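One structure is given below, encoded as C-alpha cells.
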Amino acid sequence: MKRNIRSSIQPDKVADISPVFRTGIGSDFYGEYDSMKDLQELRQEIDDVDRQITELFERRMDISEEVARYKIANGRKVFDKEREQSKLETLGGMAHSDFNRHGVQELFSQIMSMSRKLQYQLLEENGAAGRLPFIAVDDIDRSNIRVVYQGVEGAYSHMAMREYFGKDVNCFHVRKFRDAMEAIAEGSADYAVLPIENSSAGIVADNYDLLVNFENYIVGEQIVKCEHALLGLPGAKLGDIRRVYSHQQALSQCEEYLYRHPEWQLIPFDNTARAAKKVAEDGDTTQAAVGSAFAAEYFGLEILEEKIYYNEANSTRFIVVTNQRVFRRDAKKISICFEVPHSSGSLYNILSHFIYNNLNMNKIESRPIPGRNWEYRFFIDFDGNLMDGAVKNALRGIREEAINMKILGNY
C-alpha cells in the first residue's frame, strides 16, 4: 500500500524536497533518489555505448564496401527488398519489447539505406552504374524549327513562346494541352510550350499527367510575369467603359481595382487573349478587356490603365518540351517522377537520396494514380545536372527503390 504523502513529510524537510514534488514525483521515488546513479555517470555510460556503436557501424560499412565490390564483379543488383525485409523481421524479434522492436527495425532500416547508398556510390565510381539515356548538347536546336503552344494568339503562352524562341520563330497554336504533346510526339512540331504552374493558382495538373503519358522531355523553361492591364480601343477613355471582359481568374486577380468601378459589368471569358480580340473586333469603345501589354500590342489596343492586379508576384512558369532526350550542358534543374510502394516509410527512403547526396530539392507535388485508389505519383524538381556524380548516384538509388521512375528533363 502506498504511504500517505503528506504524513511522510517532515516539516523541516519541506523546503529541501519541494522541487521533487513540483515535478509530480512521489515520496517513494524520493526515498530511493540517493541510491540512483549520478546523471554524469549515466551520460558517461551512454557515451561509451555510442562509441561502440560508431565502431561497429564503421565495421559494417567496410563489409558493405566488400559486398559492393562482389556485386560489381558479378553484376548483382544492390537492392534486395525480400532479404532486407526478412533481416528486419529477424532483428526486430531480438528486441524485448514492442517499443524496442519498432526502434530496432527503424534503426536498421536506416543503416541498410546508408549501406545501399555507399554501394551505389561505388558502382558509379567503378563505371558500373550504367549510362543515363540523355545526350548533352551545348544548346537546343533553334534553327529551322517549328513550335506549338496551347491557347490562342496574344495569350500568355504565346508571349512565353516568343520570349524563349524569338518573335520570328515558325509556330502554331492548338486548343488542348494534349494536342500540343501529340504534335511533338508525332513530329509535326519540334517543341511545345506549356504552362506548368502559376505562383497564385498552383500547378497545371493536366500537364503533369501528360509528362508521364508521353515520351516527351523538358529542355527549358520560361517564367512570364502576369501583369494585367485594362485594354481598350484606341481613343477610348475610362469614362466610356461599361463592360469588361476577361478570364475569371484574371478578373479575380484584379478585383481590388475593378471594385472601385461598380458601374462596370464584369463578363467572364474563356481566355484573356480572346477577350482582347473581341474588344478589338467589336470596335465598341464602351468595351474593355483585362489582359497583358503583349495582347494589347498584338491586337492593336491601347492600355487604359497599367498594373491593375494586386499581387506583384503573380507569375506563370512555362516548360519547353521536345521528344528528344537531350539536355544542355549548363542545365541546372532536374525534374523526375516516380511511384513508391504503398508501405510505411517508402517516400522517406526515396527522399533520403537527396539528403545523402547533398542535393537541394526545391519542389514536390503528388498526383493520384488512375485506377489505384489512394495511391500517388510524386513529381520532384531538384538542383543539378545529369553529368554530376552526386546526381547519378541519387538517381541510381531512386530508380532501384522506387516504382516507374522517369527523368522528365534537365534544363
Side-chain angles (χ1 to χ4, degrees), residues 134 137 139-199 201-226 247 249-250 269-277 291-292 294-295 298-299 315-328 331 333-337 363 365 367 370 377 379 381 406-411:
F134 283 80
V137 295
D139 194 5
I140 64 171
D141 188 7
R142 296 172 185 268
S143 60
N144 300 317
I145 60 168
R146 199 170 191 219
V147 182
V148 59
Y149 62 95
Q150 182 276 333
V152 296
E153 295 172 325
Y156 282 107
S157 54
H158 186 194
M159 178 179 173
M161 187 273 303
R162 291 263 295 257
E163 288 187 359
Y164 191 87
F165 288 102
K167 65 178 182 179
D168 296 326
V169 67
N170 181 10
C171 64
F172 66 100
H173 56 91
V174 292
R175 191 166 64 90
K176 297 179 180 179
F177 298 133
R178 176 175 286 274
D179 295 338
M181 281 293 202
E182 288 178 346
I184 53 174
E186 67 187 18
S188 59
D190 300 291
Y191 300 98
V193 176
L194 298 167
I196 196 69
E197 67 174 322
N198 177 268
S199 57
I203 68 169
V204 182
D206 287 349
N207 284 335
Y208 274 85
D209 295 338
L210 289 171
L211 284 169
V212 177
N213 297 334
F214 285 83
E215 289 299 317
N216 297 329
Y217 305 92
I218 307 170
V219 291
E221 68 177 358
Q222 183 70 42
I223 296 174
V224 173
K225 197 169 183 181
C226 301
H247 190 278
Q249 190 176 85
F269 224 66
D270 61 345
N271 187 285
T272 56
R274 288 189 192 277
K277 185 178 181 181
S292 67
F294 175 76
Y298 194 85
F299 292 112
S315 299
T316 299
R317 182 165 72 98
F318 292 83
I319 52 174
V320 180
V321 186
T322 184
N323 63 1
Q324 302 297 309
R325 291 184 178 181
V326 297
F327 68 100
R328 289 175 47 146
K333 181 191 289 186
I334 299 172
S335 294
I336 65 172
C337 68
K363 186 178 181 60
E365 297 285 349
R367 294 284 299 144
R377 180 178 291 112
F379 295 80
D381 292 349
K406 179 183 178 183
I407 299 172
L408 300 175
N410 189 191
Y411 49 101

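Bear in mind the structure is a predicted one, so any value in this text is a computation, not a measurement.
Closest heavy-atom contact between D190 and I145: OD2-CA, 3.2 Å. Here the closest non-hydrogen pair linking A276 and A295 is CB-CB, 4.2 Å. Contact detail for V148 and A183: the closest heavy-atom pair is CG1-CB, 4.1 Å. Between A185 and F214, the closest heavy-atom pair is CB-CD2, 4.0 Å. Among all heavy-atom pairs drawn from C337 and L408, the shortest one is SG-CD2, 4.0 Å. A pairwise comparison of heavy atoms in A155 and A273 identifies N-CB, 3.4 Å as the closest pair.
A side-chain hydrogen bond (donor to acceptor under 3.5 Å, both in side chains) with Y298 is found for exactly one of R162, H158, K277, E153, namely E153.
Side chain of H173 to main chain of G151: a donor-acceptor pair is present (N/O by atom type, distance under 3.5 Å, no hydrogens or angles). At distances below 3.5 Å, not a single donor-acceptor pair connects side-chain atoms of N271 with backbone N or O atoms of H247. Panel note: side chain T316, backbone V224; no donor-acceptor pair is recorded below 3.5 Å. Although no hydrogens or angles enter the test, the distance criterion places no donor-acceptor pair under 3.5 Å between the side chain of N198 and the main chain of R317. Between the side chain of E221 and the backbone N or O of F318 there is no donor-acceptor pair closer than 3.5 Å. Between the side chain of N323 and the main chain of E186, no donor-acceptor pair closer than 3.5 Å is present.
With a 4.5 Å cut-off on side-chain heavy atoms, F134 and I407 count as touching. A heavy-atom distance below 4.5 Å is found between the side chains of L194 and M181. Put simply, the side chain of M159 does not reach to within 4.5 Å of the side chain of Q222, judged on heavy atoms.
To the nearest 0.5 Å, atoms CZ (F379) and OG (S335) are separated by 10.0 Å. Distance CG/N216 to CG/L210: 9.0 Å, rounded to 0.5 Å. Atom-to-atom distance recorded for I223:CD1 and E163:CD is 11.0 Å, nearest 0.5 angstrom. Taking OH of Y411 as the start and OG1 of T322 as the end, the distance is 15.0 Å to the nearest 0.5 Å. Note that the CZ atom of F165 and the CZ atom of R146 stand 13.5 Å from one another [nearest 0.5 Å]. Note that the CG atom of D141 and the CD atom of Q324 stand 10.0 Å from one another [nearest 0.5 Å].
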Worksheet item: When you look at I218 and I196, which way does the side chain to side chain contact (heavy atoms under 4.5 Å, CB included) test go after all the steps?
Response: CA-CA 11 Å; I218 307 170; I196 196 69; over 6 Å; no
Item to complete: Test side chain to side chain contact (heavy atoms under 4.5 Å, CB included) on R178 and N213 and set out the steps.
Response: CA-CA 10 Å; R178 176 175 286 274; N213 297 334; 4.1 Å; yes
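In the displayed structure, D270 atom CG is contacted under 6.0 Å by more than 12 heavy atoms of other residues, nucleotides or ligands. In K363, the NZ atom is crowded: over 12 heavy atoms of neighbouring residues, nucleotides or ligands sit closer than 6.0 Å.
Note that R142 lies in the cation-pi zone of Y164, set by a 6.0 Å cut-off to the ring centre and a 45° limit from the axis. Stacking of K406 on the aromatic ring of Y217 is recorded, both the 6.0 Å distance cut-off and the 45° axial limit being met.
A salt bridge between R367 and E365 is absent, with no side-chain N of the basic residue lying under 4.0 Å from a carboxylate O of the acidic one.
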